[in-house]
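Note on naming: letters A, B, ... go to the chains in the order of the sequence lines (proteins, then strands), and numbering restarts at 1 for each one. The shown structure was predicted, so the numbers you read here are calculated from the model rather than taken from an experiment.
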There are 2 protein chains.
Amino acid sequence: MCESLREDIKEKLESGYYHCAKEFTLSVISGKYKVVILWHLGIEGPYRFNGLQKLFDGVSHKTLSNQLKELVEDGIISRKVYPEMPPKVEYSMTELGYSLLPIIEMMYEWGTNRIQQLQEEGILKTSFEEK
Amino acid sequence: MCESLREDIKEKLESGYYHCAKEFTLSVISGKYKVVILWHLGIEGPYRFNGLQKLFDGVSHKTLSNQLKELVEDGIISRKVYPEMPPKVEYSMTELGYSLLPIIEMMYEWGTNRIQQLQEEGILKTSFEEK
DNA sequence: CAGTATCCTTCATGATACTG
DNA sequence: CAGTATCATGAAGGATACTG
């Protein structure tokens, strides 16, 4: 059946049967917003929930919440709650998270180069601006 | 709505609106078997359809076919048909594909290290063997 | 503010059967 | 051999409403 890649790989790891470390890495960063979350936390520092939400146009609470929860579970980011009213919650990179950053930076470079290449070939007409 | 990440990003690129090059890279390698396909093609050389299928226990024709088609579309691998009977089709990395390999290698390293770390922490009891 | 709960849609993948 | 076609399913993500 069509299992969640992330769950599937976790189970395989825990049961001692596994075959592919790069799939494991992919399962940690796969998710519509994860690499972008990690990029911002890694480059710019801690963010609050609402701050992250503003980065993505149209992300639902639930989805963002889920992505963050999974990243926390995987030890990539940490969640710090300040005992205030109204509540304040801060997300930041862990050391493990920072060790992932070079991969995301390479993905950024590769993507940028490829997009530029496509523009030069005339496949993409309009100019590209990183936001 | 929940659009395909890959299609969604393609459309955004083509319409001139885009915001994130690393998402583009992710959209190229996301897919249950893609990184593993690229790893094998990149390290071991060309593969035939059936050969690739044997690498994955339980992948369906349709899924493998789709993943390959998308990788070809994205210019990452190339498909060469030999005019024989029975047909022979060979898949191999393009130059663009090879430029992606360092990222996959880093994913492999990160995954391996992380799995080892988890084992040392006693979270994973059994030993891990790369296949 | 920072979520959780519920319901819903669509996409990725699987199973199976057929074909040049 | 190397696929395509058809059908089915589960998981990711979205919309909306509610809450400590």
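- Under 4.0 Å is where a charged nitrogen must lie from a carboxylate oxygen, and between Lys22(B) and Glu109(A) no such pair does.
- Relative to the axis of its first five pairs, the axis of the last five pairs of the helix from dC1(C)-dG20(D) to dG20(C)-dC1(D) sits at 50°, rounded to 10 degrees.
- Between Thr63(B) and the phosphate of dA12(C), there is no side-chain N or O to OP1/OP2 separation shorter than 4.0 Å.
- With hydrogens and angles ignored, a donor-acceptor pair under 3.5 angstrom links the side chain of Lys62(B) to the base of dT13(C).
- For an aromatic pair to be called close, the ring centres must be under 6.0 Å apart, and Tyr47(B) with Tyr91(B) fails this.
- Between Glu73(B) and Lys10(B) there is a salt bridge, since a side-chain N of the basic residue sits under 4.0 Å from a carboxylate O of the acidic one.
- Nearest-nucleotide mapping onto DNA chain C: of Pro86(A) and Lys69(A), the residue sitting toward the 5' end is Pro86(A).
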Give the C-alpha distance, both sets of side-chain angles, the deciding distance and a yes or no for salt bridge (charged side-chain N to carboxylate O under 4.0 Å, His left out) between Glu70(A) and Lys34(A).
-> CA-CA 9 Å; Glu70(A) 290 183 355; Lys34(A) 286 187 183 173; 2.7 Å; yes
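- Just one of Lys88(A), Arg48(A), Glu90(A) meets the side chain to side chain donor-acceptor pair (under 3.5 Å) condition when paired with Tyr82(A); it is Glu90(A).
- Remark: Arg48(B) is not in phosphate contact with dC1(D), judged by side-chain N or O atoms under 4.0 Å from OP1 or OP2.
- In this structure, Tyr47(B) does not reach the dA2(D) phosphate: none of its side-chain N or O atoms is under 4.0 Å from OP1 or OP2.
- Taking both residues in full, the closest heavy atoms of Ser27(A) and Phe24(A) are given as OG-O, 2.7 Å, listed atom of the first, atom of the second, then distance.
- Checking the phosphate oxygens (OP1, OP2) of dT16(D), no side-chain nitrogen or oxygen of Ser60(A) falls inside 4.0 Å.
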